[in-house]
Amino acid sequence: MVAQNVVFGILAAVMIISAWKVVTTKNVVRAVLYLVVVLAGAGAQYLLLAQEFIFVVQVIVYIGAIVVLFLFGIMLTRAPIGRDVGLDNEQRWLAALVGALLLQRWLAALTALFLVGVLVAVLSDAYGDTHLKHLDIQRTADVANSMFGPYLIPFEVVSVLLLAALVGAIAIARRD
């Protein structure tokens with residue numbers, strides 16, 4: 001248990017430093033690479049919780065797909081790759097003031113309580129008396145069978161639709 005806590009602390013520290021670098025770096029590509037470190041740390045946290053399926057989904061979907069789409073978008077839009085001083089402005093003190101106000105515990109607690117209330121109201125209005133059947137899922141194979149068994153065709157249709165949208169985006173972007 002001690003080793004798990006130490007690894008959690010190291011992962012959390014790396015994730016916090018990388019998240020800080022995501023928002024403070026002036027190089028867009030480096031920001032995306034720091035985001036990869038944050039997302040990999042989140043995946044490693046799932047691995048510490050013995051949730052292998054969520055770890056694999058985190059790696060495949062977020063690191064493998066979302067980050068590639070970010071880099072693809074940066075390259076397609078011909079965004080400046082190097083340092084850009086135009087991204088910085090003089091509103092740092094206002095941002096620091098807002099951040100300090102949001103860090104106050106009573107404001108954070110009231111905001112969380114309000115959001116929980118809204119979530120409960122929306123979910124109870126949407127689902128009311130609907131009951132979910134209990135699934136006894138213990139292994140990653142059980143998760144995959146329960147998810148892809150009845151939903152294999154819609155899953156494949158959505159993947160083909162996303163592929164068509166990607167090809168269409170490339171065709172539209174490259175009409176030079």
Side-chain angles (χ1 to χ4, degrees), residues 1 4-5 7-9 11-24 31-32 34-70 72-73 89 91-166 168-169:
M1 196 66 160
Q4 191 175 17
N5 290 338
V7 171
F8 172 80
L11 284 173
V14 169
M15 288 172 65
I16 289 170
I17 292 168
S18 296
W20 178 259
K21 295 295 281 183
V22 167
V23 296
T24 58
V32 172
Y34 285 125
L35 182 63
V36 168
V37 174
V38 173
L39 295 173
Q45 298 287 5
Y46 287 125
L47 201 56
L48 279 176
L49 294 171
Q51 299 297 319
E52 298 88 9
F53 180 75
I54 299 175
F55 163 73
V56 170
V57 169
Q58 174 82 15
V59 169
I60 291 172
V61 172
Y62 286 105
I63 297 174
I66 301 298
V67 172
V68 168
L69 284 177
F70 281 165
F72 184 68
N89 58 31
Q91 297 180 355
R92 287 184 183 163
W93 297 109
L94 180 62
L97 177 66
V98 170
L101 289 174
L102 290 177
L103 286 177
Q104 292 182 1
R105 289 184 184 186
W106 61 271
L107 185 59
L110 286 176
T111 304
L113 189 61
F114 173 74
L115 290 176
V116 166
V118 168
L119 184 64
V120 167
V122 167
L123 288 176
S124 65
D125 181 47
Y127 294 105
D129 296 331
T130 305
H131 296 286
L132 296 175
K133 64 179 182 177
H134 177 69
L135 296 175
D136 190 28
I137 296 176
Q138 298 294 327
R139 300 176 304 132
T140 304
D142 296 335
V143 174
N145 289 337
S146 68
M147 187 166 62
F148 293 126
Y151 302 112
L152 181 63
I153 301 293
F155 182 80
E156 291 299 326
V157 168
V158 168
S159 68
V160 169
L161 179 68
L162 289 173
L163 180 63
L166 184 63

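For reference, positions follow the sequence shown, starting with 1. What you see below is based on every heavy atom in this structure, not just the backbone, and it leaves out hydrogens, waters and symmetry mates.
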Side chain to side chain contact (heavy atoms under 4.5 Å, CB included) against [X], all qualifying residues, sequence neighbours excluded:
{"X": "Leu11", "value": "Val7, Ala44, Gln45, Leu48"}
{"X": "Val57", "value": "Phe53, Val61"}
{"X": "Leu39", "value": "Leu35, Gln58, Tyr62, Ile63, Val67"}
{"X": "Thr24", "value": "Trp20, Lys21"}

Checklist outcome for this item: So CG of Leu119 and CZ of Phe114: to nearest 0.5 Å the spacing works out to 11.5 Å
Checklist entry - What is the distance from atom CD of Gln91 to atom CG of Leu97, rounded to the nearest 0.5 Å? => result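 Spacing of CD (Gln91) from CG (Leu97) equals 12.5 Å.
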Checklist outcome for this item: Heavy-atom nearest pair, Val38 first then Ser18, reads CG2-CB, 3.6 Å
